[in-house]
Protein chains: 2
Amino acid sequence: MKAEEIIQAMAEQGMRITDQRRTLAELFAKSEGYVTPKAVYEIMGKTYGGLSFDTVYRNLRIMHDMGVLEQFVFEDGIKFRARCSEMDHHHHLICLQCEKTIPFVFCPMDEVKGLPDDFKAVKHKFEIYGYCKDCQK
Amino acid sequence: MKAEEIIQAMAEQGMRITDQRRTLAELFAKSEGYVTPKAVYEIMGKTYGGLSFDTVYRNLRIMHDMGVLEQFVFEDGIKFRARCSEMDHHHHLICLQCEKTIPFVFCPMDEVKGLPDDFKAVKHKFEIYGYCKDCQK
DNA sequence: TTTGGTGCAAAAAGTTTGCATCCTT
DNA sequence: AAGGATGCAAACTTTTTGCACCAAA
């Protein structure tokens with residue numbers, strides 16, 4: 001998602017567009033990988049002197065709630081990225097080095113065999129981890 | 001895994017078997033779902049008066065490091081369960097209600113199509129969430 | 001007896017909340 | 001002008017660390 005799309009989506013849902021939120025949108029628009037709240041705080045802090053952690057958390061949560069950010073739980077903590085612009089159902093390849101994610105459309109649920117019929121499946125998670133083109137060196 | 005198997009595995013790797021660790025092994029042997037460190041602390045605390053949180057964490061980490069416990073990151077925090085006794089490569093069905101996990105052997109990597117060949121896959125995650133037989137009521 | 005395990009206390013890290021003030025709308 | 005957004009301080013939760021004492025092997 002581009003920064004403008006993020007800002008527009010926020011405005012449409014009644015959020016006020018502050019300088020800080022505009023910067024947040026730009027930050028996520030240009031990040032290819034996932035970003036921790038701490039990293040957001042540090043990056044934003046360079047521009048906004050008195051920035052506080054709670055504002056970062058509040059904005060991340062709000063942006064996640066309204067769907068412009070995706071939240072992802074890694075072993076080492078919660079991270080965020082801009083919502084994927086791929087609209088069809090898809091999954092992700094995630095680089096273990098740079099955490100860049102690459103969408104791809106294969107879904108294992110189309111192929112799954114052997115699912116016991118007394119289990120009522122409602123959602124699933126499928127991710128492939130590895131090294132992207134740039135990080136294979 | 002049964003409590004005795006867990007204890008034996010720990011002993012084989014040079015861990016001392018304390019009363020507390022024996023109780024831990026029993027706790028995980030009989031839990032079908034995932035357990036939070038906090039829950040472990042509360043359950044163990046009933047038996048061991050002066051139990052401290054740090055000992056719980058230390059033991060969980062050690063047991064995870066030596067492979068008798070599996071660690072799983074949920075949206076609401078890290079949880080543990082006894083290593084699955086299924087030896088072949090497999091994935092899990094996870095009940096959203098009781099968190100019981102059911103192993104099943106289908107693997108999406110055998111069927112995957114459309115993986116870009118400049119991405120070097122090294123591991124993957126696949127879980128199906130839903131409601132188990134008992135929780136469908 | 002020796003080394004690892006435990007409890008205690010404290011610190012560190014991550015996240016949330018209340019409130020007065022500021023600023024977008 | 002009004003209500004949402006922010007900064008500040010503080011509380012809270014979760015997890016880690018140092019140290020003295022205790023116990024399994």
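Convention: sequence-line order gives letters A, B, ...; per-chain numbering from 1. Note that the structure is a prediction, hence the values are computed from the model and not measured.
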How close or far is atom [atom2] of [N] from atom [atom1] of [X], stated in whole angstroms?
X	N	atom1	atom2	answer
Y41(A)	dG7(D)	OH	P	9 Å
Y57(A)	dT13(D)	OH	C1'	12 Å
R58(A)	dG18(C)	CZ	P	11 Å
F80(A)	dG14(C)	CZ	P	14 Å
R21(B)	dC22(D)	CZ	C1'	14 Å
D54(A)	dA5(D)	CG	P	14 Å
Y48(B)	dT6(C)	OH	P	10 Å
I62(A)	dT16(C)	CD1	P	12 Å

Are more than 12 heavy atoms, taken from residues, nucleotides or ligands other than [X], located less than 6.0 Å from that residue's [atom1] atom?
X	atom1	answer
K2(A)	NZ	no
E111(A)	CD	yes
E32(A)	CD	no

Between dC23(C) and Q20(A), is there an OP1 or OP2 to side-chain N/O distance shorter than 4.0 Å?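 Checking Q20(A) against dC23(C): no side-chain N or O falls below 4.0 Å of OP1 or OP2.
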dT6(C) OP1/OP2 closer than 4.0 Å to side-chain N/O of T55(B):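 For T55(B), the contact criterion (side-chain N or O under 4.0 Å from OP1 or OP2 of dT6(C)) is not met.
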Judged by atom type as modelled, is there a donor-acceptor pair below 3.5 Å linking the side chain of E70(A) to the main-chain atoms of C84(A)?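 Between the backbone of C84(A) and the side chain of E70(A) there is a qualifying donor-acceptor contact (under 3.5 Å).
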Is a salt bridge present between D54(A) and R58(A), judged by a nitrogen-to-oxygen distance below 4.0 Å?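 Salt bridge between D54(A) and R58(A), a charged N being under 4.0 Å from a carboxylate O: yes.
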Using the closest heavy atom to pick a nucleotide of DNA chain D for each, name whichever of L51(A) or G77(B) lands nearer the 5' end.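 Nearer the 5' end of the strand: L51(A).
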Between R16(B) and V56(B), just flag the one whose closest nucleotide in DNA chain C comes earlier from the 5' side.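 Closest to the 5' end, via its nearest nucleotide, is R16(B).
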Would you mind telling me which of dG7(C), dA5(D), dT6(D) lies closest to the side-chain atoms of N59(A)?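 Nearest to the side chain of N59(A) among the choices is dT6(D).
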T18(A) side chain: which of dG14(C), dT6(C), dA5(D) is closest?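 Output: dA5(D).
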